[in-house]
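Not measured: the values here are computed from a predicted model.
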Amino acid sequence: MTDEGIRTVLEVAAARARLPGAPRRRHIREEAGLSQADMAKGLGVTRATISRWERGDRTPSAARLVAYETLLARLARESAYSAESDPRG
């Protein structure tokens, strides 16, 4: 296996370990005010695929896993930041 291949395998494994559980995925998306269609468009998949991932019926393929986990992590961070910054508490 090449060095790049090893890096890819490690990146996918790390993303899989960080991927939130199915119910949390939906919560993160909803907190960000995004629809399943919005997420699907950004990731290049169908709305039905997002639905399956959020229900836990399917797991993203390696090709989509890293992008999906990265997007969810960013949305979660931004949501947490917004909640902390909101003067209404």
Side-chain angles (χ1 to χ4, degrees):
M1 186 178 283
T2 66
D3 286 346
E4 182 159 337
I6 291 170
R7 278 192 297 275
T8 299
V9 168
L10 293 174
E11 185 177 8
V12 169
R16 190 172 312 255
R18 292 187 305 262
L19 186 67
R24 179 84 177 114
R25 297 172 203 168
R26 179 179 178 177
H27 178 77
I28 291 169
R29 175 184 55 77
E30 290 176 341
E31 283 289 311
L34 297 174
S35 68
Q36 288 179 337
D38 295 331
M39 292 282 284
K41 184 176 181 181
L43 293 167
V45 298
T46 66
R47 186 214 52 82
T49 296
I50 297 296
S51 178
R52 289 182 193 107
W53 293 349
E54 289 182 350
R55 289 192 317 261
D57 294 345
R58 300 262 198 248
T59 301
S61 66
R64 301 280 189 235
L65 178 65
V66 174
Y68 185 48
E69 185 278 325
T70 300
L71 178 57
L72 288 173
R74 182 172 179 181
L75 292 173
R77 279 193 311 272
E78 289 176 1
S79 177
Y81 176 76
S82 293
E84 291 172 7
S85 301
D86 189 343
R88 295 172 289 166

Kindly determine whether T8 and V66 satisfy side-chain contact (heavy atoms from CB on, under 4.5 Å), including the steps that lead there. CA-CA 10 Å; T8 299; V66 174; over 6 Å; no
Would M1 and V9 satisfy side-chain contact (heavy atoms from CB on, under 4.5 Å), going step by step from the backbone distance to the final call? CA-CA 10 Å; M1 186 178 283; V9 168; 4.1 Å; yes
For L19 and W53, what are the C-alpha separation, side-chain angles and deciding distance, and is it a side-chain contact (heavy atoms from CB on, under 4.5 Å)? CA-CA 11 Å; L19 186 67; W53 293 349; over 6 Å; no
Show the numbers, then the answer: is there a side-chain contact (heavy atoms from CB on, under 4.5 Å) between T49 and R64? CA-CA 11 Å; T49 296; R64 301 280 189 235; over 6 Å; no
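Between the S79 side chain and the L75 main chain, no donor and acceptor come within less than 3.5 Å of each other.
Of the charged side-chain nitrogens involved, at least one lies within less than 4.0 Å of a carboxylate oxygen, so that R26 and E30 count as a salt-bridged pair.
The stretch residues 42-57 participates, sequence neighbours left out, in these salt bridge (Lys or Arg N to Asp or Glu O under 4.0 Å) pairs: R29-E54, R55-D57.
Interatomic distance, CG of D38 versus CD1 of I50, reported as 10.0 Å (0.5 Å rounding). In this structure, CZ on R74 lies 14.0 Å from CD1 on I28, to the nearest 0.5 angstrom. Residue T46 holds its OG1 atom at 14.5 Å from NZ of K41, rounded to the nearest 0.5 Å.
Residues satisfying the side-chain hydrogen bond (donor to acceptor under 3.5 Å, both in side chains) test with E31, not counting sequence neighbours, are none.
Of all non-hydrogen atoms in A22 and G56, the two that sit nearest each other are CB-N, 3.5 Å.
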